[in-house]
Amino acid sequence: MLKTLLAQVREFKKASFLTPVFMILEVVVETLIPLAMASMIDNGVETGNIGHIYRMGALMAVLAAAGLVTGVLGGKYGALASTGFAKNLRKAMYTNIQTFSFSNIDKFSTAGLITRLTTDVTNLQNAYQMILRMCTRAPASLICAMSMAFFINAKLASVYLIAVIFLGIALFCILQKANKYFQMVFRKYDDLNASVQENVSAIRVVKAYVREDYETSKFQKACNKVYEMFVKAEKLIVMNMPLMQFTVYACILGISWLGAKMIVGSSLTTGELMSLLTYCMNILMSLMMLSMVFVMVTMSIASAQRISEVINEKADLTDPENPVMEVPDGSITFDHVSFRYKKDSPEPVLKNINLSIRSGETIGIIGGTGSAKSSLVNLISRLYDVSEGSVKVGGIDVRDYHMDSLRNQVAVVLQKNVLFSGTILENLRWGSKDATEEECRHACELACADEFIERMPDKYNTYIEQGGTNVSGGQKQRLCIARALLKKPKILILDDSTSAVDTATDGKIRRAFAEEIPDTTKLIIAQRISSIQNADRIIVMENGQINGFGTHEELLAANAIYQDVYLSQTKGGGDFDENKGGDQA
């Protein structure tokens, strides 16, 4: 874990090195000031030597200025190093997340990843700055002050030694008990973020069902759990201050009493006693700083572990050593394919699938909910790897391709359509970043999206809100289809992606596919038989297996499941007439 985190310091190594250097210099300067003060009192004030007072006063002013400069520089480089470290951590996590397969992403919740990129990184940033500054300054100040105290008077300095041992044991016990609560609290943060994310993304459903009170209650419970964990931890941590204050005043009283007796006995001077009292504060303030560092480090250990998990997570899907860079054609072969989302799942999602699809064919896929239609097509672009058997595209196992090359030739319009914040043109160019406006318009014509875009005030420069909240479901689907067409793929997969458009528009889109991209292999998952009945062949899925595979007429004559679906959809009226573009009575 430590190696993973320190690797992210990178270009901020210089700042990370200079910060403790300047902090140590500041400590050295501060340690010399009490000596100069003692000399001023003993050799200047008590003897009436004005010249010595001036010289020591000037030296103390120079030392104070030097302490100011070194302190400022230490703070500057500490801020640079810690913020740079945080930047690199976020970049490393985000970059690695982009390499994740779907199975990797399934291990981490969205809310958990957001917490890691925000709260956890902030904790580590603060801890790193504390370590560079306080964790250098406090031990250095403690050692220097303790050394000078023993140099002045070893007997009195032993009081400090007792205080340090007492505080060290007490702080260790406190922090050890607090640590378990800090480890738990960040898991509660994940629940809190999940509640916020779910509520905001589904705010329309919440309002439609008047569930605001329920969502508020659920959020309040998540808040209370975070609150309770922090209260338990803070109840222990707040004991630091009373212990510190008790020790400080006990030391001052002890040194003052013993020091006064020594001055009377002429074994200690007044200046030396003043210096020892100053070092007393330095030593105990150093311990206070160390306790703050330990608190911050304790809080950040849980964050460090969570961040390391993301950075060290290896993608389940990787490119082979010598990948194939070109996809010859759009033919697809499933050879005894079985698939599980989790390796230890007792039952496979797909069982012994055998398919052979020719390049340029239009294949319909139909089946009930949970029949594994989406799981089947996800294997084609290698969003998941098969558990058994092989999937071949263009006669080559998909595991032998460079993944970018394969996915650039397999355009997928997923069941859950996603648009990003930006203009319509910017969203369309996800399909081809160099696409001209004319090419974008043509793709939208094929997807029947041009008709509603032209009615918008800014047309293709209309701004799409995050998630496409300012367009309807059908409009979103058509934009996603146009975006996929801009890739000019060899295989086009439509995963129930015309469910929100009317049957007439659905028919127009299918005609455009047949006329404009005849050489592209098209796989269309649909719930309506009218959407796929003109396909070259149709796959009927049931419980992760192929129940039937043939033309509309063949399945209607021989497949019971297909017959039932057809009859249920046409009962009481005729089916879709593509030539007339609507449902016929």
Side-chain angles (χ1 to χ4, degrees), residues 205 208-209 334 339 347-355 357 361-380 412-417 447-448 472-478 480-481 492-514 521-585:
V205 178
Y209 285 88
F334 282 74
F339 170 67
E347 285 293 320
V349 177
L350 292 169
K351 308 162 193 172
N352 196 31
I353 302 294
N354 289 285
L355 275 176
I357 299 169
E361 270 195 297
T362 298
I363 302 295
I365 304 175
I366 197 166
T369 302
S371 59
K373 304 184 296 294
S374 297
S375 300
L376 180 77
V377 297
N378 281 342
L379 299 178
I380 296 171
V412 184
V413 183
L414 295 171
Q415 193 170 11
K416 185 178 180 181
N417 298 286
C448 296
S472 70
Q475 291 171 340
K476 190 187 298 185
Q477 285 187 338
R478 283 178 276 175
C480 290
I481 292 170
L492 175 63
I493 298 171
L494 303 177
D495 188 354
D496 202 19
S497 53
T498 58
S499 58
V501 301
D502 59 83
T503 52
T505 302
D506 188 14
K508 291 178 184 178
I509 292 172
R510 286 185 284 113
R511 279 197 298 272
F513 286 170
T521 304
K522 297 168 280 291
L523 282 78
I524 304 171
I525 297 175
Q527 299 298 328
R528 295 187 301 228
I529 285 182
S530 61
S531 298
I532 58 172
Q533 68 181 36
N534 292 322
D536 296 318
R537 288 185 289 173
I538 300 168
I539 300 169
V540 180
M541 297 289 297
E542 183 187 28
N543 296 326
Q545 295 178 306
I546 296 177
N547 183 271
F549 187 30
T551 64
H552 171 70
E553 291 76 16
E554 290 170 347
L555 293 172
L556 201 56
N559 188 273
I561 294 176
Y562 194 81
Q563 291 169 356
D564 289 344
V565 175
Y566 181 79
L567 289 173
S568 67
Q569 292 184 4
T570 59
K571 187 177 181 180
D575 197 8
F576 176 78
D577 187 332
E578 189 173 322
N579 294 321
K580 295 183 180 180
D583 288 327
Q584 306 302 311

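Position 1 is the first residue of the sequence, and the numbers go up from there. For clarity, every value in this text was computed on a predicted model and none was experimentally measured.
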Determine, stepwise, if the pair Leu350 / Met541 fulfils side chain to side chain contact (heavy atoms under 4.5 Å, CB included).
CA-CA 10 Å; Leu350 292 169; Met541 297 289 297; 3.9 Å; yes
Applying side-chain hydrogen bond (donor to acceptor under 3.5 Å, both in side chains), name anything that partners [X], two or more places apart in sequence or on another chain.
{"X": "Ser371", "result": "none"}
{"X": "Glu542", "result": "Asn547"}
{"X": "Asn354", "result": "His336"}

Is there a side-chain hydrogen bond (donor to acceptor under 3.5 Å, both in side chains) between His552 and Tyr562? Walk through the geometry before answering.
CA-CA 9 Å; His552 171 70; Tyr562 194 81; 2.7 Å; yes
Measuring only between side-chain heavy atoms, which start at C-beta, is [X] closer than 4.5 Å to [Y]?
{"X": "Phe334", "Y": "Ile380", "answer": "yes"}
{"X": "Leu379", "Y": "Phe339", "answer": "yes"}
{"X": "Thr521", "Y": "Ile357", "answer": "yes"}
{"X": "Thr362", "Y": "Ile524", "answer": "yes"}

Give, for atom [atom1] of [X] and atom [atom2] of [Y], the distance between the pair rounded to the nearest 0.5 Å.
{"X": "Arg478", "Y": "Lys476", "atom1": "CZ", "atom2": "NZ", "value": "13.0 Å"}
{"X": "Leu376", "Y": "Leu523", "atom1": "CG", "atom2": "CG", "value": "8.0 Å"}
{"X": "Leu556", "Y": "Gln563", "atom1": "CG", "atom2": "CD", "value": "6.5 Å"}

Minimum heavy-atom distance [X]-[Y], with the two atoms named:
{"X": "Asp536", "Y": "Thr551", "answer": "O-CG2, 3.4 Å"}
{"X": "Ile366", "Y": "Ile529", "answer": "CD1-CG1, 3.6 Å"}
{"X": "Ala535", "Y": "Gly364", "answer": "CB-N, 3.7 Å"}

Per side chain to side chain contact (heavy atoms under 4.5 Å, CB included), Ile539 is matched among Ile353, Leu355, Leu555, Ile532 by Leu355
Any chance you could lay out the side chain to side chain contact (heavy atoms under 4.5 Å, CB included) test for Ile365 and Val377, step after step, and finish with the verdict?
CA-CA 10 Å; Ile365 304 175; Val377 297; 3.8 Å; yes
Among Glu554, Glu361, Glu553, which residue satisfies the salt bridge (Lys or Arg N to Asp or Glu O under 4.0 Å) criterion with Arg537?
Glu361
